[in-house]
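Working notes for the structure below.
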Amino acid sequence: MTGWDLLALPQSQADNLSIFEPVAPPSQSIRTLSILLFAISALIFVVVEGVLFYNLLRFRKTADAPATEPPQVYGGTPIEIAWTVAPTLIVCILVLVVARTLWEIELDPPPPKPGDNALFVSVVGRQWWWEYRYDTYNGRPLGFITANELHVPAESDGVPRRVYLDLQSADVIHSFWVPRLAGKTDLIPGKTNRMWFQTRERGTFYGQCAEYCGTQHAGMLLRVIVDSPDEFARWVKLQQGPAREDPAARSGKAAFLAESCVNCHRVRGTSAAGSYAPDLTHLMSRLTLAAGILPNNEQNLDRWVANPQKMKVGCLMPAFAFSEGRRKEIIHYLTTLR
Ligand code: CUA
């Protein structure tokens with residue numbers, strides 16, 4: 001199945017954002033905790049409301065009620081002990097189960113080493129897209145950067161393949177949230193937060209920036225693509241390579257490199273070395289544009305470059321007013337970056 005098919009499926013598993021259908025240990029722990037806390041709260045609610053309504057009905061004012069109030073009762077040691085001890089016990093239980101869940105989901109990553117089958121990626125939240133710096137896999141340095149679509153390997157043949165994310169922000173607070181994989185974790189300027197997950201479910205899992213971060217907060221979508229280990233290895237190999245050289249796109253490349261595109265974007269193997277905007281080295285290997293809001297194709301690329309502000313109001317890329325011919329040349333070059 002190609003990525004296009006996945007995008008086109010209206011009810012693919014990617015659309016499932018339910019925290020009640022977890023596919024990774026951290027989200028499973030969170031679901032268990034949620035159900036337990038909900039059950040305890042529901043029980044307390046039912047008992048308290050039950051007693052309340054029983055008394056409202058049992059002792060309601062009736063026609064033959066005495067005119068004066070009955071004598072009031074003060075104190076009652078056994079009752080006071082009971083209603084102090086019971087809530088204290090309940091709170092203790094809640095604290096213990098929450099602590100156990102935090103213990104499970106907040107793992108300190110071990111140092112990467114060969115044979116660990118673990119993937120380490122640094123995630124940088126930016127207004128309004130996600131930068132992924134692939135650090136190491138199975139102890140080997142990776143050294144490439146991509147955007148918005150996080151590829152990770154699936155657990156297979158009983159070999160766990162853990163994914164450890166270092167979460168940082170380049171500007172304001174964002175929050176990384178793919179509900180079926182793990183809980184929300186904020187990306188905070190000047191601080192590194194961590195999260196991990198592993199899963200044997202292949203496919204695409206959607207998420208969303210979960211902390212208001214400005215105009216395009218809602219347009220800061222997340223896709224985690226869980227590949228088989230072989231697919232993942234092929235994808236890594238592609239990403240590690242330099243940008244493709246297509247002789248047919250020579251004039252477009254020259255135009256791209258001559259324009260201010262290079263101040264913000266990087267295309268590895270060329271003089272474009274900007275680090276402020278998404279790395280375009282293998283742009284066409286991504287399914288979407290602009291942090292997941294548009295399918296990535298020539299037509300949308302053209303509309304995007306013509307006026308990004310029309311496609312995503314407030315985004316940091318301005319419209320450059322290229323002539324149509326020059327824009328087409330640049331777009332042609334971009335479509336060769338596979
Ligand atoms: Cu980034 Cu909300």
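Just follow the structure's listing: the first ligand is 1, and inside any ligand the first atom is 1. What you are looking at is a predicted structure, and each value in this text was computed from that prediction instead of being measured.
- No donor-acceptor contact under 3.5 angstrom links the side chains of R126 and Y276, judged on distance only.
- When you scan the N, O or S atoms of H174 for the one nearest atom 1 (Cu) of ligand 1, you land on ND1.
- Not one N, O or S atom of H217 sits under 2.8 Å from atom 1 (Cu) of ligand 1.
- Vertex atom 2 (Cu) of ligand 1; arms to E211 O and C209 SG; angle rounded to 10 degrees, 100°.
- Note: Y134 and Y132 have perpendicular aromatic rings, judged against thresholds of 30 and 60 degrees for the angle between ring planes.
- Residues T185 and N193 have side chains that never bring a donor and an acceptor to within less than 3.5 angstrom of each other.
- Note: Y164 and W196 have tilted aromatic rings, judged against thresholds of 30 and 60 degrees for the angle between ring planes.
- Using a cut-off of 2.8 Å, one finds that S175 contributes no N/O/S atom close to atom 1 (Cu) of ligand 1.
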